[in-house]
Amino acid sequence: MAMESPFKADILKGKVALLTGGGSGIGYEISYQLGRHGASIAIMGRRSQVLQAAVDSLQSHGIPAIGLEGDVRKRKDAIRVLESTIKHFGRLDILVNSAAGNFLIAAEDLSPNGFRTVIDIDSVGTFTMCHEALKYLKKGGPGKDISNGGTIINISATLHYTATWYQIHVSAAKAAVDSITRSLALEWGTDYNSRVNGIAPGPIEDTAGASKLGPEEMMSSRQHMPLFKLGEKWDIAMAALYLASDAGKYVNGTTLVVDGGEWLSKLRHLPKEAVKQLSRSVERRSRAAPVGVPKSKL
Ligand code: COA
């Protein structure tokens, strides 16, 4: 259930945000929350009907919003969408790269073109948008208040922190996204006072990602989730607000994991009490017969 925002309603007053993949799922929720906190919103996506529905919904909440059709894989689309955003709203302060592609598939069944498609959307698409947006985002300069520079948020994942079954393509793509985040944070933080960060969502309910990667058939046990529940789109949007607003003014080059600790976990093989008993008997055994100590020293 969505909660009230803990942030003041005007923290993004006067700002303009462009979100790729902003018409649905996590991208839409970030659009909505940035808008609720004062930003004007441009959303970019491939499907005109989805865009229109999202714009209607944002506008019904009093949020100034436009939808711009485009594919992040096409540089000319990126350029056109950015120009249209500037034409309409006059400036750009926040770029959120949320467009992504995904499907479950074993590595041996994935064609190189399928691999390339996801890299093209997630990694190359993110770089293309950042690259074309820079001239609008760079307003600060060395020595100026860091909060003056425009900021970028790249939506990533935690799949590649270990290795994730049937996600070789997305793991590789998001590893590249995280690397792009750090490199741009370094170069553009230094040169233009622009902060570049990421968010790595865990399993978030009611999203394409959750239904594609964690279909019901695979989600029978939530025991291995430290907080025993799926996240909400709201959780990701609050992280985006933190990073986009002055609350995050000294945060640069990080990818904030918002997953309830899910990526840390492995399936629990034994209940806690059983581990305690087992551990005690192992201690007793090793005191009685220490391993690796010559018998003559006992
Ligand atoms: N399983 C295996 N391969 C797949 C696939 C699937 N489910 N979906 C696409 N591919 C492969 C295709 O076979 C093709 O490779 P080939 O030419 O060697 O056969 C390649 O990927 C490109 O497919 P295409 O359908 O042309 O790509 P697209 O641009 O229309 O779609 C996707 C891109 C595949 C990522 C699509 O799932 C998509 O658009 N998703 C956007 C939404 C989304 O995934 N959101 C989740 C975010 S977590």
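Indexing begins at 1, ligand by ligand and atom by atom, following the structure's order.
Ligand 1 lies within reach of Arg46, whose nearest heavy atom is under 4.0 Å from it.
Taking the six-membered ring for Trp and thresholds of 30 and 60 degrees, Phe7 and His37 have ring planes more than 60 degrees apart, a perpendicular arrangement.
A single hydrophobic cluster is not seen to contain both Leu186 and Trp188; linkage of ILVMFWY side chains at heavy-atom distances under 4.5 Å, directly or through other members, places them apart.
Under the 3.5 Å distance criterion, with hydrogens and angles disregarded, a donor-acceptor pair is assigned to the side chains of Ser57 and Tyr28. Judged by distance alone, the side chains of Asn154 and Thr181 do bring a donor and an acceptor atom under 3.5 Å apart. Side-chain atoms of Asp122 and His169 form no donor-acceptor pair, as typed in the model, at a separation below 3.5 Å.
For Ser279 (side chain) and Val275 (main-chain N/O), no donor-acceptor pair under 3.5 Å exists by modelled atom type. For the pair Asn197 (side chain) and Thr254 (backbone), a donor-acceptor distance under 3.5 Å is present.
Counting heavy atoms closer than 4.0 Å to ligand 1, residue Ile105 contributes side-chain atoms (C-beta onward) but none from N, CA, C or O. Counting heavy atoms under 4.0 Å from ligand 1, residue Arg73 touches it through the side chain alone.
Within ligand 1, the atoms closer than 4.0 Å to a non-hydrogen atom of Gly209 are 48 (S), numbered from 1 in the order shown.
In terms of protein heavy-atom proximity, atom 37 (O) of ligand 1 is closest to Lys212 NZ, 3.2 Å. In terms of protein heavy-atom proximity, atom 11 (C) of ligand 1 is closest to Gly114 CA, 3.8 Å. Looking only at protein heavy atoms, the nearest one to atom 45 (N) of ligand 1 is Ala100 O, 3.5 Å. Annotation: atom 35 (C) of ligand 1 to nearest protein heavy atom, Gly101 CA, 3.5 Å. At the shortest separation from atom 6 (C) of ligand 1 among protein heavy atoms lies Phe103 CD1, 3.4 Å. In terms of protein heavy-atom proximity, atom 18 (O) of ligand 1 is nearest to Ser111 OG, 2.5 Å. Distance from atom 27 (O) of ligand 1 to its nearest protein heavy atom, with residue and atom name: Thr117 CG2, 4.0 Å.
Among Ile121, Val170, Asn113, Thr207, the residue whose heavy atom lies closest to atom 14 (C) of ligand 1 is Asn113.
Distance check on atom 25 (O) of ligand 1: every protein heavy atom falls at or beyond the 4.0 Å cut-off.
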Asn102 and Gln167: side chain to side chain contact (heavy atoms under 4.5 Å, CB included), yes or no, with the steps? CA-CA 8 Å; Asn102 206 347; Gln167 287 287 276; 3.0 Å; yes
